[in-house]
Amino acid sequence: MPTSRINVIVSGPLFDGRADAAVRDWLDATKREIADMGVKELDAIVMDKTGRGTGHYQSQITTRVVSYNDVLITDPVIYGPWLEGTSKRNSSTRFKGYHLWRRTRLRLRRTFKDVAQKKLEEHYLRMMGGH
């Protein structure tokens, strides 16, 4: 009985690593864009009802890449928890905080999927072998 033989040659982005690289690049670019959006939102919040805010707090907010290319938004100002409303001091004063980070996090949660999808369709889908 003769044996049959089938040869299969695979090629393209799904098989040569280009699709994997494009996915990693897409995720990293999306994280950076979301982090930048967060910093811009935090910077746009008016914290002084009198209009005399100095902007010092917002100028200290930065982003940096941490392990596995995750992006961290930081605020190194010691009075940050008081401004947010999470300090013990907030419970003993009339000032309950601006809730800058909580409000920004909630807004970003509502928009990150749309940002990721748009970025995927505009730049990365073709690199992954899609149309």
Side-chain angles (χ1 to χ4, degrees):
M1 175 182 270
T3 59
S4 297
R5 196 163 154 142
I6 298 174
N7 288 329
V8 178
I9 298 172
V10 294
S11 65
L14 291 175
F15 300 100
D16 65 14
R18 286 181 290 164
D20 287 341
V23 169
R24 283 191 301 277
D25 291 347
W26 167 60
L27 292 173
D28 291 344
T30 300
K31 289 179 212 174
R32 281 191 300 274
E33 185 168 333
I34 295 295
D36 289 344
M37 287 172 61
V39 169
K40 285 178 186 170
E41 286 204 23
L42 288 165
D43 191 40
I45 295 172
V46 177
M47 294 191 318
D48 187 350
K49 292 177 181 161
T50 66
R52 291 177 290 157
T54 65
H56 176 75
Y57 177 74
Q58 280 110 327
S59 73
Q60 300 302 304
I61 296 171
T62 59
T63 62
R64 65 185 171 97
V65 176
V66 293
S67 65
Y68 303 109
N69 289 330
D70 287 333
V71 179
L72 177 67
I73 301 175
T74 59
D75 121 27
V77 179
I78 196 164
Y79 54 88
W82 177 72
L83 287 175
E84 180 62 18
T86 58
S87 169
K88 289 180 184 177
R89 208 170 148 214
N90 295 103
S91 62
S92 63
T93 65
R94 286 182 34 212
F95 181 67
K96 299 306 175 195
Y98 293 114
H99 308 290
L100 309 166
W101 293 86
R102 180 178 58 91
R103 292 182 350 204
T104 300
R105 184 186 77 241
L106 292 173
R107 278 195 294 275
L108 291 176
R109 273 191 182 165
R110 288 191 297 267
T111 61
F112 85 91
K113 289 179 185 177
D114 293 335
V115 170
Q117 185 67 35
K118 182 178 178 185
K119 192 167 279 304
L120 175 67
E121 291 171 2
E122 288 178 353
H123 302 288
Y124 295 95
L125 194 57
R126 227 173 269 118
M127 291 184 235
M128 296 176 196
H131 299 289

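Atoms considered below: every heavy atom in the structure, side chains included; atoms not considered: hydrogens, waters and symmetry mates. Keep in mind that what you see is a predicted model, and the values were worked out from it rather than measured.
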Reported CZ-to-NZ distance for the pair Arg94 and Lys96, which is rounded to 0.5 angstrom: 10.0 Å
Check: Ala21 main-chain N/O paired with Trp26 side-chain donor or acceptor under 3.5 Å: no
Joint hydrophobic cluster, Leu72 plus Leu108, side-chain heavy atoms closer than 4.5 Å: no
Closest non-hydrogen atom pair, Pro81 against Asn90: O-OD1, 3.7 Å
Whichever hydrophobic residues join Ile9 through chains of side-chain contacts under 4.5 Å: none
Check: Ile61 and Ile73 side chains under 4.5 Å, non-hydrogen atoms: yes
Closest non-hydrogen atom pair between Met127 and Ala22, with its separation: CB-CB, 3.7 Å
N/O donor-acceptor pair under 3.5 Å between Ser87 side chain and Arg89 backbone: yes
Enclosure of Ile78 CD1 (heavy-atom neighbours >12, cutoff 6.0 Å): no
Student check: side-chain heavy atoms of Val115 and Ile34 closer than 4.5 Å: yes
Min side-chain heavy-atom separation Leu42-Tyr57 under 4.5 Å: no
Worked check of side-chain hydrogen bond (donor to acceptor under 3.5 Å, both in side chains) between Asp25 and Tyr124: CA-CA 8 Å; Asp25 291 347; Tyr124 295 95; over 6 Å; no
Hydrophobic cluster identity match, Leu125 and Val23, side-chain contacts under 4.5 Å: yes
Option from Glu121, Lys119, Lys113 for which side-chain hydrogen bond (donor to acceptor under 3.5 Å, both in side chains) with Gln117 holds: Glu121
Lys118 side, atom NZ; Thr30 side, atom OG1 - distance, nearest 0.5 Å: 12.0 Å
Verdict with supporting geometry, Trp82 and Val77, side chain to side chain contact (heavy atoms under 4.5 Å, CB included): CA-CA 10 Å; Trp82 177 72; Val77 179; over 6 Å; no
Donor-acceptor pair, side chain of Asp43 and main chain of Ser59, under 3.5 angstrom: no
Arg102/Glu84 under salt bridge (charged side-chain N to carboxylate O under 4.0 Å, His left out): CA gap, chis, key distance, verdict: CA-CA 8 Å; Arg102 180 178 58 91; Glu84 180 62 18; 5.3 Å; no
Heavy-atom side-chain contact between Asp36 and Thr63 under 4.5 Å: yes
Pro76 side chain reached by Gln60 side chain, heavy atoms, under 4.5 Å: yes
Leu100 with Val39, same ILVMFWY side-chain cluster at under 4.5 Å: yes
Side-chain heavy atoms of Thr104 within contact of Met37, under 4.5 Å: no
Separation between CD of Glu41 and CZ of Arg105, rounded to the nearest 0.5 Å: 13.0 Å
